[in-house]
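Shown below is the structure under consideration.
Reminder, nothing fancy here: chain letters follow the sequence lines and each chain counts from 1.
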Amino acid sequence: MTESHPVLTMTGIDKSFPGVRALQDVDLRLFPGEVHALMGENGAGKSTLIKVLTGVYGIDGGTITLRGAPVSFTGPMQASAAGVSTVYQEVNLCANLSVAENIFIGREPRRFGAVRWRDIRRRSRELLARLDLDIDVNAPLGSCSLAVQQMVAIARAIDVQASVLVLDEPTSSLDAGEVAQLFRIMRQLRDSGIAILFVTHFLDQVYAVSDRITVLRNGRLVGEYPTTELPQLSLVEKMIGKELDVLERLDEQTGRDAAAARRDTVFVEAREVGRKGSVAPFTLTIHAGEVVGLAGLLGSGRTEVARLLFGADRADHGAVSVDGEPIALRHPVTAIDHGIGFCSENRRAEGLVPELTVRENIILAMQAARGWFRPIPRRRQEELAERYVKALSIRPADPNIPVANLSGGNQQKVLLARWLITEPRLLILDEPTRGIDIGAKTEIQKLVVQLSDGGMAVLFISAELDEVLRLSHRIAVMRDREMVTQLTNDDSVDADRIMQTIAGGARPDEGARTDERAEV
Amino acid sequence: MSERTSSETATVDPRAGGLGRFQAVTAHRLFWPVVVLVALVVANTIYRPGFLSIQVRQGHLYGSLIDIIRLSAPLILVALGMTLVISTGGIDLSVGSVCAISGAIACLYISKQPDQNGMAGVLTALALAFGASLVLGAWNGVLVAVIGIQPIIATLILMVAGRGVAQLITEGQIITINSGPYKAIGVGHLLTLPLAIFIALAGVLLVAAVTRRTALGMIIEAVGGNARASRLAGIRSARVTLLVYVISAACAAIAGFMMTANVSSADGNSAGLWVELDAILAVVIGGTSLVGGRFSLGGTILGALLIQTLTTTVYAMNIAPQTALLFKAIVVIIVCLIQAPAFRARLRRRRRRPGTPPAAVVADAPKEQVPA
Amino acid sequence: MTTISLRAVPGWARLPRRHLPVLTTLVLLLILYGVGVSQYRAFSNIQVVFNVFIDNGFLLVVAVGMTFVILTGGIDLSVGSVVAMTAMVSASLLQHGLPAALVLVIALLIGPLLGFGMGCVIQFFEIQPFIVTLAGMFFARGMCTFISKSSISITDGFWTAMSQKRIGDPRGNFVSISVLIAFAVVLVAAYVLAYTRLGRNVYAVGGNGQSALLMGLPVARTRIAVYTISGLCSAIGGILLSFYTLSGAPLIAVGMELDVIAAVVIGGTVLTGGSGYIFGTVLGVLVLGVIQTLITFDGTLNSWWTRIVIGGLLFAFILLQRLIGIRYK
Amino acid sequence: ACGNSDTGGKSDGDKKIVLGFSQVGAESGWRTANTTSIKDAAAAAGIELKFDDAQQKQENQIKAIRSYIQQKVDVIAFSPVVESGWDTVLKEAKDANIPVILTDRAVDSQDKSLYKTFLGSDFIKEGKAAGDWVVQNTKDATGQVNIVQLEGTTGSAPANDRTKGFAEAIAANPKLKIIASQSGDFKREGGKQVMEQFLKANPKIDVLFAQNDDMGLGALEAIQAAGKVPGKDIKIVTVDAVHDGMQALADGKFNFIAECNPLLGPQLMDLVKKVHNGEEVPQRIETIETTFTQDKAKEALPGRKY
Ligand SMILES: Nc1ncnc2c1ncn2[C@@H]1O[C@H](COP(=O)(O)OP(=O)(O)OP(=O)(O)O)[C@@H](O)[C@H]1O
Ligand SMILES: Nc1ncnc2c1ncn2[C@@H]1O[C@H](COP(=O)(O)OP(=O)(O)OP(=O)(O)O)[C@@H](O)[C@H]1O
Ligand SMILES: [Mg+2]
Ligand SMILES: [Mg+2]
C-alpha cells in the first residue's frame, strides 16, 4: 500500500498567528487507501494544519501538493472542489437550516437551476441510514443534540466524491455505538481508495482504525510511524515529549470506594424534577463529597438534567432543595448562590466569551457572583488566572490573550478553571474531557477525585463509560429522557451492565428498578 | 511543556528594527482617527488661517476650537451611552427623541415658572426631565431585555413615538425660555471655558468610573460577547441590558439639556434630530464593534470630536449641508477603512510582497475568529 | 449497534413553528384590516386594498432587497438614499433629453453598482455593514443634492404613461403598473430564495457565516450578491417612486430605510439573519400600509398624535407577535 | 365612475362639507400656527376636517390624497412638501370630481386645471420687503455694507424665492454685498452654528438677513456670545413674525421683520365653500401680509395670536 505515491503531501509548513508560531516546518503525507491518525496534545497544531490544508488560513511557508500538483487553496470551497472533504473540529454547520439541507448545501441536486428539495430529503435519509441515524431530516439542525450534529457533519463529508477525507475530532461527542458505525464506514471508504486524515484524543480509537500516525508537538513534527510499530506508551511519550507512566496510573484508578464518600450529608435533593418535552420527572440526591455519574446515550437527556439542576432551564415539575431548604431555581444565579457550578458541554455557544481574555473568562463567574460593584482587584485576578493556567497547563500560558485564540482543548480548561475558582459545593461537569488530550484528561480526572475527597460534590457527565465508572460513587442511567435507574458503583457494576440498562434491550425488571430507586 | 515559541515572535517584523516603536504607534487602534482629525484641523487652518486662534472675549476663551469642543459636548454624552448599549450588542435609535423630550420637559417647566431665573425652579425642571428620561430608558430596556424585542426595532418605537411625545409636550410650538441658570448649561462658562465641556467631562469620568472602576465594564462586554455564556456564568444579563439603556437615556437627557440651553428654546421637532446616527458613527470610529463586546470610551470621545469637527468644517467652508453628506461619507469610509485590520493586512502584504494575488490574503485575515 | 431514534415531533406539528412569525403577522394584519372595515365606511372598498399596494409598491420592492441583506445578518441603511438618487438621476437625465430606455438602463445600473461596492468593502475589509451602508446612505443623499438642489419634474411620455396607466376592472377599481412590477419582483425573489443555490447560501451565511465558509460555500460572493441585489431593488424602487411622483426630489424617501427595516422585521425576519421569508416581508409592508391608511381615514390626529399612534401600533404589533411566538415555543 | 350612492358623501346640500387637508408636518412654530388656524376655522365654519400630517414626506401626502379620494371627501386641500410630482394623483382627484386647493406652497404642474386655486404667501415679495428695508436703512453708509444671509432648507420654495427677492431688492445699491450665505435649515440650532462661523470668518458684518425668525433667533445668541450687540452692531432682518421674533423685534434685537402669515384658516374655509358650490375663484390668492419695524412690533405684540 505504501509503495504507491502519496495523494497529498505537505512539506515544510509554517504558520504563525499574532504571538504564536502554530506550525513550524511540518510535513505530512497521505496515501490513498489509508487511515492516517494525526496526534498531538491540545494546541499542538492539528486543527491549524488542517485549516492550512483546506485554505481557511493562508500559509507563511511550505508547499502542498495534491496528486502530484502543487496547490494553494484560497478557501474550503476550492479544497472541496479539488476533492478534499473536511469535518472541522467543533461542529461547523448552520443551525438554522434543516438537517437535510446541511448535508447538501453547496451541492444541491438541481434541475434547470432549481433546487430539488425532494431529492435532497430522500438522499439525506439514505445517507443518515448508512450511519444508522433515524431522525427527521426536515428538523432544523439546531434542535438536534451536538452528537447528532456531529453525525450530520460526517454524513455531509462522506457523501462527497473525495480523494482525501479529513476528520478533526469527529468522535469527541459520539458514543461507542456511533463510533463503531463511523469506523465501519471509514474502513469502507479506505478500502475504496480514499485517504483519510483522522484526529482524535482517544488512543484506542487510533489503534482500532488507523494505519499510520503522524505526531505533532508544539507546532513541530515529531515523526511519522506505522501504527503497528508504535506502542501506545511510546505514542503518548512522543506526544507529550517526556516519559510518563500515565497509562499505568490510569488503570489503577478503576472504581471508587462508595463507602468512602461522606454519604451522611445530603447536599442537593431533586424531587420529581422534570420539564415537559425535555426530561421526565426524576428524583436525585447528591451528597457532599460524592461523585454522581450520568450515563446514557446521546440525546438521552443528561444535559437536560444538568441544566435543570443549575436553573439554566426552568423545571415545570418538582422541587429542588439545597441543604434541606427548598430553593426556587429560576436563574443560574440562584444555583450559583447556593454553591452550584456548571461547566457546559457546548463551550463555544454557552461557555466562553471569545473576545475577553483568558483571565477575564476565568474570573467571570466569580465576579458575577460578587456583583459588579465589588470588582475583584486586578492583582488578585492575575494571581488566580496564573495559578490555574499553571495548574491546568493552559497554553499559551499568557492569561492576557483573547480566549478565542486558544485551541479547543485549552478553551475547555479555561472553562473548567472558571468554575474551580468559585469553589462550588456541587460542580456539574458536562463532558469536561471532550476534546482534551490524554495528559490533560488524566489531570482532570485526578482533579475530580481530589475535589470530591475535599468534600465537593460532582455531577459528572461523560460519553466515555470508562471514565464515568472510574470516577463515580454512584451512576444514574438515562434513557429516552428518563432517569431509568441509579446504581451504586460497587463491584457488581461494570460497563456491560450499564450498557444493557442504557440499551434498554434488557430492561431491568420492575422489582429491581424500584429497589434501586428505594435505595437512593 | 514550557518551552514554547510564543509571544517573543510578536507581530512586529524583526526586520523593522528601530522602526518598531513607530509601527507600534501606527498600529494603535486610534492612530488613524487622530490623523484624520488633525488633517481636518490643518485643512481648516489652510482655508482660514484664523481657525486656530483663540482670543479672550468678555473674559471667556473664544475661537473655533473652543466652539468645536463645546458643540461636541452633547454628542460626546449621547455617544457615551451609545457605546455601552452597542457593546452589549444592542443599539439605541431613540436617543434623539429622548434629547427632544428631556429638553421639552425642562423648558416647559421653566417657562411656567414666575421667575425663570430661580435656581429651585431650574433644578426641579432638570430633575423632572431627567426622571422622565430614566423612565424612557427603562422602557427601552424592558422591551429589549425582558420582552426580547430586537434592539433596533424596540428603540425604533420610541424614536418614532418619542418625537410625537416631545411635540405633544411643546404642543408643536418652540418654547422659548429666558432663564439664566438653564442657559448656562449650554453657553455658560467656568474658568474661561464653556461649562458644557465640564459637564461632558464629568459625564465621561462618571461613566468611565462606573464601568472601569467596577466590574460593570467587563460584565457588559461579556454580555455583548456571548449572552448565553454570560447567563450561565451567573450574570443577570437582563439587568445589565436594562441598565445600559437607562444610562444611554440619562446621557441623552443631559445632552438634550445642552442642546436646548444652547438656543434657549425647546423644539420638539428638531432637537437632537439624527443625533443617533452621529453617535453610532462616533462609537464605531472609536473602535467599538457594532456586534458587541469590547468597548472603548476614549475612542468614542475621539469619534465624537472628529464628527463635530467635520460638521464645523462644512459650515466653515460654506458647503451646502446636504452636499456635505458626501464629504461625511468619504471621511467616514476613509477612517473605517484605514482602521480595518483586513485593509491594513492587505496593504502590508502589498508592500512586502508585491505581486501576490490578493485572493490568498483574504483567507489569512482574522475572520470572525475561529475558535479551536 | 444501536440505532439512535430521537422521538420526532410529527411533521404537521413542526410546520407551524417555523412559519409561526409569518402566520402571526398575517392574523394580526387581518385583525387590523377588520378594525378599519368596522370603523370606516369606505374602508371595505376593495380599492383601499389596491391603494395600499399602489402607495407602497416601491417600499415593497426595496423591502424585498432588504430581506436578502437581513437574511445574511447584514443591514442596508443606504436604500432610502439610493431610491432618491435613482429618481433624481432619472429625472435629471430625462430633463437633459436622454431617451427613456437609456435612462432606465443607467438608473438601474447605479444602485447595484453602489451595492456591489458596499458589498465588497463589507466582505473584503470586514467593516461592519451598518457603517458601510450608512456611508453609502450619506453618499447617495449627497449625490441627490449635488445633482440638483430642488426637485425636477418628469414630463417624459413613457414615464407619464407608466405613472398614469390604470389597470382595473369596469367598476373603476384599479392598480398601477408599479404594483405589477412589484409583484413580479416579489415572485422572482421568493423563487430565488427557495429554489436556487444563491438563495440557500443566503440562509446559510445568515445562520453562521463561519460555518458556511468552512462548508465550502461561496460566502464572499453571496455577501456581495445580497448588497448588489439590495442595490438593484432600491434602483427598481427608485424608478417606481419616480413613476409614482413623476419627479425626482433630493429629500424624498428620507428615513425610508427605517420603514423598510421595520417592515422586514414585522414580517418575521430575524435581524441576526438566517430566518425569514419574502412572504413575511410582503405582509410587513402591508401592515405599515394599513396602519397609515387607518390614520388617514381617521383624519382627526394632529401631527404629534400621528407619530405617537404609529409608534404605539408598531409596539402593539411587535409585542403581540412576540407574545404569541413565546406561547408556542 | 364613482356613483355608488351609499358611500358617496356629497349628495345633499345640507350635509356638512368634508374637507381633506394634508399638512406638510409640524416642523416649526409657524407650521403649527398654520395647522391650528385651519382646524379652528373649519370648526367655526361647520366644515368636517379630515386632517393628515405628512411628516415632511411627499409619499405620505400622495397616500393621504389617494385616501381622501377613496373616502370621497368634498374638497381636498394641501400644502405640498415639494413643488413637483403631483400630476398623477391630482388627475385621479380630478377624475373623481373632487376640487383641489393648494395652500402655502405652489406646485409646478403644467396643467393648471388640476387644481382650482392657490392660497398662500408670495415669498419673493417677502424677500423683497426685507431687501428694501436694508436698502432704505443703509443709504448713508459710506463704505461697503457687508451682508450675511441665513438661507432656509436647501431647495425649498421659500428659501429659493426669499433669496431671489432679497437679491433683487439689494441690487439697487451696489455698496450692498452678500459676503456669505449658508443654509441654516430654518432651525435655531442651524442659525446659531452657521452664524458662529460667519462671525469668525468675517470680522465686519453689518447686516444679517435670516430667512425666518428661528434662524435669526439662533444667530442672535451667536452674536451676543461674540460680544456684539444685535440690532446695533449687526442689523438683523428676518421673515415670518412669529411671536418670539416679534418679541426680539420689540426688544430692539431685531430691526425688521417681513410677515409671512400662517393664519390661512378663515380664507381657506371661504374658498372651500365657494369651490364646493361651484363658484369661480381666482387662480391665485395671496394672504394678507404686512411688515414690522421695532415700533410697530411693540404696538402689535399684545394682540398677536401666535
Ligand atoms: N485564530 C487563531 N488566532 C491565534 N492563535 C491561534 C488561532 N487558532 C489557533 N491558534 C493557536 O495555534 C495553536 C495551535 O492550535 P490548534 O487549534 O491547531 O491546536 P490543536 O492541535 O487542534 O488542539 P486541540 O486538540 O486542543 O484542538 C494554539 O496555540 C492556538 O492557541
Ligand atoms: N427527537 C428529537 N428531535 C429534535 N431534537 C432532539 C430530539 N432528541 C433530542 N433532541 C435535542 O438534542 C439535545 C440532546 O439532548 P441532551 O443534550 O439532553 O442529551 P445528552 O444525553 O446530554 O447528549 P450528549 O451526549 O450530546 O451530551 C437536546 O437539546 C434536544 O433538544
Ligand atoms: Mg483542534
Ligand atoms: Mg449533553
Side-chain angles (χ1 to χ4, degrees), chain A residues 16 18-21 24 41 47 51 55-58 72 74-75 88-90 217-219 240-241 310 312 331-333 335-336 342 344 348-356 360 364-365 367-376 393 395-398 402-408 411 418 435, chain B residues 1-12 87 210-240 243 289 291-294 341 345 349 356-372:
Chain A
S16 306
V20 179
R21 262 285 168 76
Q24 223 174 329
E41 284 186 293
S47 302
K51 286 185 174 166
V56 177
Y57 300 138
S72 150
T74 57
Y88 296 90
Q89 187 180 14
E90 309 283 343
R217 187 169 72 235
N218 271 341
I240 59 182
F310 187 61
H331 193 280
V333 171
I336 294 169
F342 173 57
S344 165
R348 184 139 66 133
E350 302 192 322
L352 299 164
V353 183
E355 287 200 306
L356 296 189
E360 286 166 318
L364 192 62
Q367 180 64 65
R370 289 165 64 112
W372 57 265
F373 39 82
R374 280 178 51 217
I376 305 170
S393 60
R395 272 165 282 161
D398 177 0
V403 80
N405 290 357
L406 262 54
S407 78
Q411 291 183 351
R418 172 189 297 171
Chain B
M1 297 304 82
S2 48
E3 20 77 281
R4 181 134 197 102
T5 41
S6 65
S7 39
E8 296 91 316
T9 48
T11 21
V12 181
S87 112
V210 165
T211 54
R212 294 305 185 199
R213 289 280 140 202
T214 72
L216 184 63
M218 189 192 82
I219 286 182
I220 287 174
E221 289 169 344
V223 170
N226 188 344
R228 273 168 77 190
S230 308
R231 190 178 107 94
L232 288 187
I235 294 172
R236 294 190 184 267
S237 35
R239 285 186 193 175
V240 175
L243 184 65
S289 161
V291 291
R294 290 276 185 213
R349 289 271 161 155
T356 324
V361 188
V362 184
D364 186 37
K367 286 271 151 46
E368 292 133 60
Q369 283 172 335
V370 198

Picking from A:G351, A:A335, A:A349, which has the most non-hydrogen pairs under 4.5 angstrom with chain B?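 Looking at each option in turn, the highest pair count goes to A:A349.
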Heavy-atom distance under 4.5 Å to chain B: side chain of A:R418, backbone, both or neither?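 The side chain, not the backbone.
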Gap between atom CG of A:N218 and atom CD of A:Q24 - 0.5 Å precision: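 Rounded to the nearest 0.5 Å, the CD-CG separation comes to 9.5 Å.
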Counting only heavy atoms closer than 4.5 Å, note whether B:I235 contacts chain A via side chain, backbone, both or neither.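 B:I235 touches chain A through backbone and side-chain heavy atoms alike.
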Of the backbone (N, CA, C, O) and the side chain (C-beta and beyond), which part of A:I336 lies under 4.5 Å from a heavy atom of chain B, both, or neither?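 Side chain of A:I336 only, per the 4.5 Å heavy-atom cut-off to chain B.
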Chain B contact via A:L352 - which portion, at a heavy-atom distance below 4.5 Å: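 Backbone only.
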What part of A:A369 gets within 4.5 angstrom of chain B, counting heavy atoms only: side chain, backbone, both, or neither?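 Neither part.
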Please flag which part of B:I220 lies under 4.5 Å from any non-hydrogen atom of chain A: side chain, backbone, both or neither.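 Neither part; nothing is under 4.5 Å.
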Chain B contact via A:F310 - side chain, backbone, both or neither, heavy atoms under 4.5 Å: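 When you check distances to chain B, only side chain atoms of A:F310 fall under 4.5 Å.
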If you take all heavy atoms of A:G408 and A:Q89, which pair is closest and at what distance?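 Closest heavy-atom pair between A:G408 and A:Q89: CA-NE2, 4.3 Å.
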Determine, stepwise, if the pair A:Y88 / A:V56 fulfils side-chain contact (heavy atoms from CB on, under 4.5 Å). CA-CA 11 Å; A:Y88 296 90; A:V56 177; 3.9 Å; yes
Run the side-chain contact (heavy atoms from CB on, under 4.5 Å) test on A:E355 and B:E221 for me, step by step, so that the C-alpha distance in whole Å, both residues' side-chain angles and the decisive distance to 0.1 Å come before the verdict. CA-CA 8 Å; A:E355 287 200 306; B:E221 289 169 344; over 6 Å; no
Just by distance, do the side chain of B:S230 and the backbone of B:A222 share a donor-acceptor pair under 3.5 Å?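 Yes, B:S230 side chain to B:A222 backbone: donor-acceptor pair under 3.5 Å.
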Stepwise, does the side-chain contact (heavy atoms from CB on, under 4.5 Å) test hold for B:R231 with A:E350? CA-CA 8 Å; B:R231 190 178 107 94; A:E350 302 192 322; over 6 Å; no
Does the side-chain contact (heavy atoms from CB on, under 4.5 Å) test come out yes or no for A:E360 and A:V353, once each step is laid out? CA-CA 9 Å; A:E360 286 166 318; A:V353 183; over 6 Å; no
Which bit of A:S344 is near chain B, if near means a heavy-atom gap under 4.5 Å: side chain, backbone, both or neither?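 Contact with chain B is through the side chain of A:S344 alone.
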